[in-house]
There are 2 protein chains.
Amino acid sequence: MTLPTTQKAVRWYPPKYDVRVETVPVPEIKDPDDVVVKVKFAGLCGSDLHTYRGHEGEDLAPHICGHEFIGEVVKLGVNFGPQAKERPGLYSTLKVGDKVVSPFTTSCGECRCPEGTLFGCPKLDGAQAQYVRVPIAGGTLYNLSDPHSWASLLPNQSVAERLATISDSSLLLLGDILPTGLFATVQALNHPKLSPLLSGISWPPRSGEAPGNLSLDDRALTFAVVGLGPVGICACVALLDQLSGLSIPYRIVAVDPLESRREKVQQIYSLISAEDKGCGKLVTRSIDDAKETVKEWTSGIGCTAVLEVVGNPSALKLSYELVQPFGVISSVGVHGAPQVPFTGGNLYDKNVSFDFGRCPARAMFPMAFELLGESIYVNDRVHTAGRLQTVLAVKRQDVFGQLGTPTSLIDRIVGIDEAVEMYKVFDQGRIGKVIFDPWK
Amino acid sequence: MTLPTTQKAVRWYPPKYDVRVETVPVPEIKDPDDVVVKVKFAGLCGSDLHTYRGHEGEDLAPHICGHEFIGEVVKLGVNFGPQAKERPGLYSTLKVGDKVVSPFTTSCGECRCPEGTLFGCPKLDGAQAQYVRVPIAGGTLYNLSDPHSWASLLPNQSVAERLATISDSSLLLLGDILPTGLFATVQALNHPKLSPLLSGISWPPRSGEAPGNLSLDDRALTFAVVGLGPVGICACVALLDQLSGLSIPYRIVAVDPLESRREKVQQIYSLISAEDKGCGKLVTRSIDDAKETVKEWTSGIGCTAVLEVVGNPSALKLSYELVQPFGVISSVGVHGAPQVPFTGGNLYDKNVSFDFGRCPARAMFPMAFELLGESIYVNDRVHTAGRLQTVLAVKRQDVFGQLGTPTSLIDRIVGIDEAVEMYKVFDQGRIGKVIFDPWK
């Protein structure tokens, strides 16, 4: 396939707040493991703002931004083909023309190396462009044209049919924000501190008592989701999804200072049927109101677990204030240079558990697809209560509603020429999730 | 029972490094839930040094020190008796003359209140004395004269016989350091990040692969224990104990700058039979050597989990350096006023999990007793690999050997008049575990 020699792309320039839409060369295969993908959609993500604001460094080299993309394979390195049988499956099966979605970092898929490269940094040009080069692509990409390459663990065989019902703009979210929101939830629910509440079996056993004696009231779960940007919304939905299948009372306070974000979560929540809400509720609150609500709900004890989806010291501090002694903070916010705002004594005295860090998006993909695809994912290792059921009656094929409605997670799909303005209003919190169509 | 009116006790004075052995009044019942215990032995604990050094505050009121004790009930508040049937068991069963050991904090045992009071602070006089007052004692104490009040979950009925074989100085360790070392281990082994290695079932499932495919080599566990004071030794033994029952390869590096402490751990390790060592090994290392050893063992990746048993920023920093990406730090060191020495980016980028805080000593008591009592504790909820087996062939009745031998965890049992000197040499790291006999 002959590609054009130039393309449009969004490039970042030092020191900060400077992105430009430019005409640049179309990427080529550099390494035998590379593929080139023609981008259908590229997302603008909250963590792009870290680069935009100069938080990743103000003296970095200019580079193409963006780490969320869906598109079509247009070129394959010479390592792809039937001779690659011993390597991750895609090296032998990926074809030109296949539709692919990519996690936000590269993964070799062949060892335990902790190194992956984030798209959209000086080391690797990003995807807010018409074409993107994908290194170690047979380990990195998900092939949507061949769902059996990744969906063999899913319980039914209608994956291709379900895929056909989901729009490309929704599938794009599998690259980052949906797995990340889900990961925040899964980390919290998997923590052993929640296990007695989920299973109903007390642990450690109380002196002289047989285990298995927790009443439903004793098992009530209280969660906070701190930050209701696009990933926070995904975390709320993932949490509701997982809790709705259980018969344990639960309460979720979804926290954000911006009323528009709270309103969107409320609208999405209102889509869910009473039956699917199960034994619980979600409310949205500003920061101060959230503290009051948790105090009231728990007689001052605090939340069982807090999902921190912001990535700055004040969000960590708020999470600490909201969580109960012996509670869990699952932090997926992208944290940077500032110190962690705690003394050792703060953490010791409250017996806090933290799970920090970046979502392993590739590993979470099948579960995230199930959340998107409105079916049942069977995995009894996710938490001790048994099976997770994805039972929300939300219209997921449009990710929580038609584009432009109050319930849509995606606010706008715009041409790449609007990138400069979109970065600006997104940075100011005046718009939610934006997707670029580089061909519009 | 008529008690004397005065007693000898070790009292702390502000601002720091000032403890005095004084004659003070014998405590009385102040509240109907109180009991008074005649102290047989009281421990000197590493965390007593926090008070001693003025780290808890240099303007605190003088008070009796110490939070580890074993002794005999000599007075009961009026709330004890058959009328207390609806309350925790000891309120109706505890008798004058019963032998008791106490966790280091009080526990009401009647609600989820996170407040317990530490013995040996301005709010509650400690146990380095001839008598100690125990508030909410029916929730706080363990009655060794009536093991069925707490041992009903233990698998065999020989608890009383086993108790009779264990010296009082060893039983004293059930109040703090043995449960705390065990807790550090249990927290790490219970963390879901270790679960795939313990169970052999990969999670999250790799794309297109069935779970259950981890080889024994893939499952190899690498631990560091940072800090080999008395609690660190207990953590090493608890870890060896738990790992020895599994058939998974493991490696433990036990880290301390003091050669005498490393030597003691080596000596204790040498007591264990080859069979009980199972598929692994323990080595002791200084700080720099530990980093080299972990690098070599893991090709630079790092430890699966680190047990931090020191309680200062440099121990946290070392733990972070030793742990692998997506690893677990179980921190039971008593941390104080210094800031946590990490940026948010440090924790985000490495996907670190932390479990911080004070051991719930009361809840860990039955498991700790089993570790001391050399039998098998059956609890298949501790980690996903199944049962924990306590199978070390260490002579536990003398806590790792006769007093005064190189393997003994307890260095000396001394009269309370030697307290001033003992605090001094303990503070200087020139002695290990010291126990006071207030009647000597």
Side-chain angles (χ1 to χ4, degrees), chain A residues 88-89 109 112 114 142 148-153 187 190-192 195 199 201 203-211 301 311-313 316 324-326 331 333-340 342-345 347-358 360 362-367 379 381, chain B residues 88-89 109 112 114 142 148-153 187 190-192 195 201 203-211 301 311-313 316 324-326 331 333-340 342-345 347-358 360 362-367 379 381 384:
Chain A
R112 293 173 62 210
Y142 271 98
H148 291 289
S149 65
W150 49 272
S152 66
L153 296 176
Q187 277 200 137
N190 269 311
H191 200 284
S195 160
S199 67
I201 301 167
W203 195 90
R206 293 181 197 172
S207 164
E209 274 180 28
I301 292 175
N312 64 33
L316 279 180
Q324 69 179 25
F326 276 92
S331 165
V334 182
H335 290 274
Q339 281 295 117
V340 171
F342 306 116
T343 68
L347 306 180
Y348 179 81
D349 290 341
K350 206 168 178 175
N351 280 87
V352 180
S353 288
F354 282 104
D355 293 312
F356 278 100
R358 185 173 280 122
R362 188 156 219 300
M364 299 303 293
F365 185 96
M367 283 182 73
N379 186 334
R381 302 202 50 251
Chain B
R112 293 172 62 209
Y142 270 99
H148 291 289
S149 65
W150 50 272
S152 65
L153 295 176
Q187 276 200 137
N190 269 311
H191 201 284
S195 159
I201 301 165
W203 195 90
R206 293 182 196 169
S207 163
E209 274 180 27
I301 291 175
N312 65 33
L316 279 180
Q324 69 180 23
F326 277 92
S331 166
V334 182
H335 290 274
Q339 282 294 117
V340 171
F342 306 116
T343 67
L347 306 179
Y348 179 81
D349 288 341
K350 206 169 178 173
N351 281 85
V352 180
S353 289
F354 282 103
D355 293 311
F356 278 100
R358 185 173 281 121
R362 189 158 217 299
M364 298 303 293
F365 185 95
M367 282 181 75
N379 185 334
R381 302 201 52 251
T384 55

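In the text below, chain A, chain B and the rest are named by the order of the sequence lines, each starting its count at 1. Everything numeric in this text was worked out from a predicted model, so none of it was measured.
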| Selection from Arg358(A), His191(A), His335(A), Lys350(A) maximising heavy-atom pairs under 4.5 Å formed with chain B |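 So the answer, after comparing Arg358(A), His191(A), His335(A), Lys350(A), is Arg358(A).
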| Max heavy-atom pair count under 4.5 Å with chain B, selected residue of Pro313(A), Pro88(A), Gly333(A) |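 Greatest number of close heavy-atom pairs with chain B: Gly333(A).
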| request: Any chance you could measure Phe356(B), atom CZ, to Phe342(A), atom CZ, to the nearest 0.5 Å? | output: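 Interatomic distance, Phe356(B) CZ to Phe342(A) CZ, rounded to 0.5 Å: 9.5 Å.
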| Leu347(B) side, atom CG; Asp355(A) side, atom CG - distance, nearest 0.5 Å |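 That separation rounds to 11.5 Å.
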| field | Atom of Gln339(A), atom of Thr343(B) and distance for their closest heavy-atom approach | value |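 That closest heavy-atom pairing would be OE1-CG2, 3.6 Å.
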| field | Over all atoms of both residues, closest heavy-atom pair of Val334(B) and Tyr348(A) | value |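 Closest pair (atom of Val334(B), atom of Tyr348(A), distance): CG2-OH, 3.4 Å.
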| request: Below 4.5 Å from any heavy atom of chain A, which atoms of Phe326(B) appear? Answer side chain, backbone, both or neither. | output: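 Side chain only.
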